[in-house]
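Here's the structure we're looking at; comments come further down.
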Amino acid sequence: MHWADHTAQTLQNRDGSQVIASGITPSGEFHVGHLREILTAEMIHRACLDAGMESRYIFIVDSMDPLRRVYDFLSPAYQQYIGHPLAYIPAPGPDGAPDPDGGNYADHFLAPFLTALKEIGVEPEVVMNHQTYESGAFADKIHSSIEQKDEIRRVIEEVSGREVPEDWFPYNPLGSDGSIDGVSVTGYEHPHVHWVDSHGVEGTADIRTAQGKLPWRVDWAAKWGIHGITCEPAGKDHGAAGGSYDTGIPICEMLGSQPPHKLVYEWIQLKGMGPMSSSTGLTVGPMDALALVPPEIMRYVIARSKVGRHIDFDTGPALFQTADEYERLVAEPPSGSDEELSRRQQIARDTQLGALRLSQVGKNADPAGSVAGVSFRHLAMLAQIKSNDDDIWDSLRNSGHLEGEPGGTLIGRLRRMRNWVDGPHFPDAAKIEVQSGVSDEIRVHLTDEHRQFLSALSGSLEDCEWTEEAIGDCIRSVAAGVAIGGREAYVALYWIILGKNHGPKASSLMAEMEMEHLLSLISET
RNA sequence: GGGCCUGUAGCUUAGUCAGGUAGAGCAUCCGGCUUUUAACCGGACGGCCGUGGGUUCAAAUCCCAUCAGGCCCGCCA
């Protein structure tokens, strides 16, 4: 069974409808790793719906979390905002300086991420955490946390093994300058928390507003209760023993709610470069990834991997393999009845079918539509030899891959393929490079038969209409005339054009070349 | 120091929770297809399941130990 279906089955034992959640702090650029968080949760949500359960999927943006430090992409001017909730500070402009017209920091980074999510078929209910504070929804949990201050402290110390400071208080008010740093709590009279900040200013925070927040371990546990979250996948950093998930569970219970089902996922790494890290600049943003990778393939990368396995995100040669694998699965989904399959084969069948189902951008869409009738590899070839999109559609019509006008899926696939082919990630081995001349190394591969054929072809091509079809006819008639095997005729052409003994459809390739260049190559043999 | 994840064919991996003859795909090689989608079809090759113990009639699977890689324990998916 697929992991998402298995999780759905586990959740079925709980009362009520499901609320699957993701939570991310918008402290900077979102990256591909965040897509795993989102897609893991969203696939569980879909699996619940598919199992006939009621389910919602919410994306909690931790907009109340404070800015922790001045990141590399921020100007030093952000020093003044350290400790301030991300929702209440200005977004950086292109130069990294606070941009007064750029809206707030949290929204600035969130907006493009939501656009990327839409492309992969994810449209969550977005909850801005600072608004939940502003609405007063946290008030009961905050009050309850303060009343159980010592018990919560004990839980954190026992479960995490960490010493909690003497002056710890389960509520961090914002000080006179808007920062939660350096603010000491001096008393509590429901619903007001009294404080004094590092400037010596005294004040009062109303827990029914966003004048302060819970410390994050408590904040997370409180959110579970407030939203009735039944499952929130967490990255392995939170999932480690003694991590925030383990302290969150008892705290959530102390605050009067049932904690969610724990699920820990491994991280995505960039191939050969370790985990994502915004500080080292080693990131691939969701938009970057989706500019190259078709959305259903992006989903498939997550769906096919077990939650506990790390994923190497590879935009090089592995992308061909992933696409091949996906297309094979679409073309021939695993089948067979329980009777004729072993238990293991049944598991494999159900897991693959689940991965295929959950990879679709549209929920329960027909997977066949996602491939748009053209293989990823074929499109890679066409995108390289034809610079004009219309020529590609013509080619696809001629080859029977396309009828009429291309649909949105196919257009999107070509757009991404062109980005890939023209960008730095495209593998050299897949590049089609027309030779500028025929080298000695290549010449040794040519037989007399090859030369005879090429020489005859040279004469015919000069009178040939320069279209794919005419060139194809020309090759065939010349080949027949000089009694060379059909295959060998093409091998000869591939050697002189590409320097290899094989390649994409020769006539397409030749039609894209200048006739003079081709004739000069032949003359060099 | 504490903890988590991973280790199965050259590569990517399924199977581990509920022990019952190790399965796939890619790559490679061979063969087929009289006119090339880097295509397609058929076949072969290839694993003491990281290592060492233990439990069991039976272990990739459970237990103990050990090695290796990745990671977490201030914030981070």
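Since the model is a prediction, treat every value here as computed from it, not as a measurement. Below, chain A is the first sequence line, B the second, and so on; all start at residue 1.
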Practice item. Give a yes or no on whether the backbone of A:Leu521 and the side-chain of A:Gln435 come within a donor-acceptor separation of less than 3.5 Å. Key: no

Practice item. Please state whether the rings of A:Phe109 and A:Phe73 are parallel, tilted or perpendicular, taking 30° and 60° as the class boundaries. Key: perpendicular

Practice item. Taking side chain to side chain donor-acceptor pair (under 3.5 Å) as the test, write out the residues that go with A:His238, two or more places apart. Key: A:Ser244

Review point. How would you list all residue pairs meeting salt bridge (Lys or Arg N to Asp or Glu O under 4.0 Å) that involve residues 229-238 of chain A, not counting sequence neighbours?
Key: A:Lys236-A:Glu266

Exercise for review: Sticking with atom C1', work out how far B:G46 lies from B:A58, rounded to a whole angstrom.
Suggested key: 27 Å

Point to revise | Nearest to side-chain heavy atoms of A:Lys236, which nucleotide of B:U36, B:G70, B:C76 | key: B:G70

Exercise for review: Could you give the distance separating B:C26 and B:C64 at their C1' atoms, to the nearest angstrom?
Suggested key: 38 Å

Exercise for review: Provide the distance between the two C1' atoms, one in B:C62 and one in B:G69, to the nearest whole Å.
Suggested key: 24 Å

**Study point:** Spacing of A:Gln321 atom CD relative to B:C26 atom P, expressed in whole Å
**Key:** 10 Å

Exercise for review: Starting at atom CG of A:Asp246, determine the distance to atom P of B:C72, rounded to an integer number of angstrom.
Suggested key: 17 Å

Review point. Can you name the residues that form a side chain to side chain contact (heavy atoms under 4.5 Å, CB included) with A:Pro260, not counting sequence neighbours?
Key: A:Trp224, A:Ile229, A:Tyr245

Which protein N or O atoms sit under 3.5 Å from an N or O of nucleotides 17-20 of chain B?
unit_1: B:G20; atom_1: OP1; unit_2: A:Arg344; atom_2: NH2; d: 3.3

Review point. Atom CG of A:Leu329 and atom P of B:A14: how far apart are they, to the nearest Å?
Key: 15 Å

Give every pair of a protein N or O atom and an N or O atom of nucleotides 38-46 of chain B that lie under 3.5 Å apart, one pair per line with the distance.
unit_1: B:A38; atom_1: OP2; unit_2: A:Gly503; atom_2: O; d: 3.2
unit_1: B:A38; atom_1: OP2; unit_2: A:Lys505; atom_2: N; d: 3.1
unit_1: B:A38; atom_1: N3; unit_2: A:His502; atom_2: NE2; d: 3.3

Review point. Between A:Val264 and A:Ser375, which is nearer to the 5' end of RNA chain B once each is assigned its nearest nucleotide?
Key: A:Val264

**Study point:** Sugar-phosphate only, base, or nothing, as touched by A:Arg304 at under 4.0 Å among non-hydrogen atoms
**Key:** nothing

Point to revise | Short side-chain to backbone donor-acceptor contact, A:Ser395 and A:Asp391, under 3.5 Å | key: no

Review point. When the C1' atoms of B:G52 and B:G10 are considered, how many whole Å apart are they?
Key: 27 Å

Exercise for review: Considering only NZ, NE, NH1 and NH2 on the basic side and carboxylate oxygens on the acidic side, decide whether A:Glu332 and A:Arg328 come within less than 4.0 Å.
Suggested key: no

Review point. B:C76 C1' sits how many Å from A:Leu86 CG, rounded?
Key: 12 Å

Point to revise | Rounded C1' spacing from B:A27 to B:C45 in Å | key: 12 Å

Study note, to complete from the structure: Out of B:U6, B:U36, B:C5, minimum distance to the side chain of A:Arg309 belongs to B:U6

Review point. Which nucleotide sits closest to the side chain of A:Thr25: B:C76, B:U35, B:U36?
Key: B:C76

Check your understanding: Would a distance-only check, ignoring hydrogens and angles, find a side-chain to backbone donor-acceptor pair under 3.5 Å from A:Tyr300 to A:Ala323?
Key -> no

Check your understanding: Mind checking the C1' distance from B:C63 to B:C17? Whole angstroms is fine.
Key -> 15 Å

Practice item. For A:Asn172 and B:C75, give me the distance from atom CG to atom P, rounded to whole Å. Key: 12 Å

Exercise for review: Take atom P in B:C72 and the same atom in B:U61, then report the distance between them in whole Å.
Suggested key: 29 Å

**Study point:** Whole-Å distance separating the CH2 atom of A:Trp267 from the P atom of B:C71
**Key:** 9 Å

Check your understanding: So, A:Tyr265 and B:A77: ring centres less than 5.5 Å apart, planes less than 30° off, yes or no?
Key -> no

Point to revise | Distance, C1' atom - from B:C48 to B:A60, rounded to whole angstrom | key: 12 Å

Check your understanding: Can you tell me if A:Ser179 uses its side chain to pair, donor with acceptor, with the backbone of A:Asp181 under 3.5 Å?
Key -> yes

Review point. For B:C75, does either OP1 or OP2 sit under 4.0 Å from a side-chain N or O belonging to A:Trp216?
Key: yes

Review point. Between A:Arg328 and B:C26, does any side-chain N or O lie under 4.0 Å from OP1 or OP2?
Key: yes

Practice item. Return the value, rounded to whole Å, for the distance between atom NZ of A:Lys262 and atom C1' of B:C72. Key: 11 Å

Review point. If you write RNA chain B from 5' to 3' in dot-bracket form, with Watson-Crick or G-U pairs under 3.5 Å, [ ] for crossing pairs and | for pairs with another strand, what do you get?
Key: (((((((..((((......[..)))).(((((.......))))).....(((((..]....))))))))))))....

Point to revise | Nucleotide B:C72, atom C1' - distance to NE2 of A:His238 in whole Å | key: 11 Å

Practice item. For A:Gly308, answer base if it contacts any base atom (sugar-phosphate contacts may also be present), sugar-phosphate if it contacts only those atoms, and nothing otherwise; contact means non-hydrogen atoms under 4.0 Å. Key: sugar-phosphate

Exercise for review: Check the angle between the aromatic planes of A:His378 and A:His401 and answer parallel, tilted or perpendicular using the 30° and 60° thresholds.
Suggested key: tilted

Check your understanding: Are A:Arg377 and A:Glu327 within salt-bridge range, i.e. N to O under 4.0 Å?
Key -> no

Review point. Can A:Tyr171 and A:Val218 be said to form a side chain to side chain contact (heavy atoms under 4.5 Å, CB included), step by step?
Key: CA-CA 9 Å; A:Tyr171 183 76; A:Val218 184; over 6 Å; no

Point to revise | Salt bridge flag under 4.0 Å for residues A:Arg217 and A:Asp246 | key: no

**Study point:** Proximity to the side chain of A:Lys306 - top-ranked nucleotide from B:C75, B:A14, B:U36
**Key:** B:A14

Check your understanding: Just by modelled atom types, is the A:Val164 backbone N or O under 3.5 Å from a matching donor or acceptor in the A:Arg153 side chain?
Key -> yes

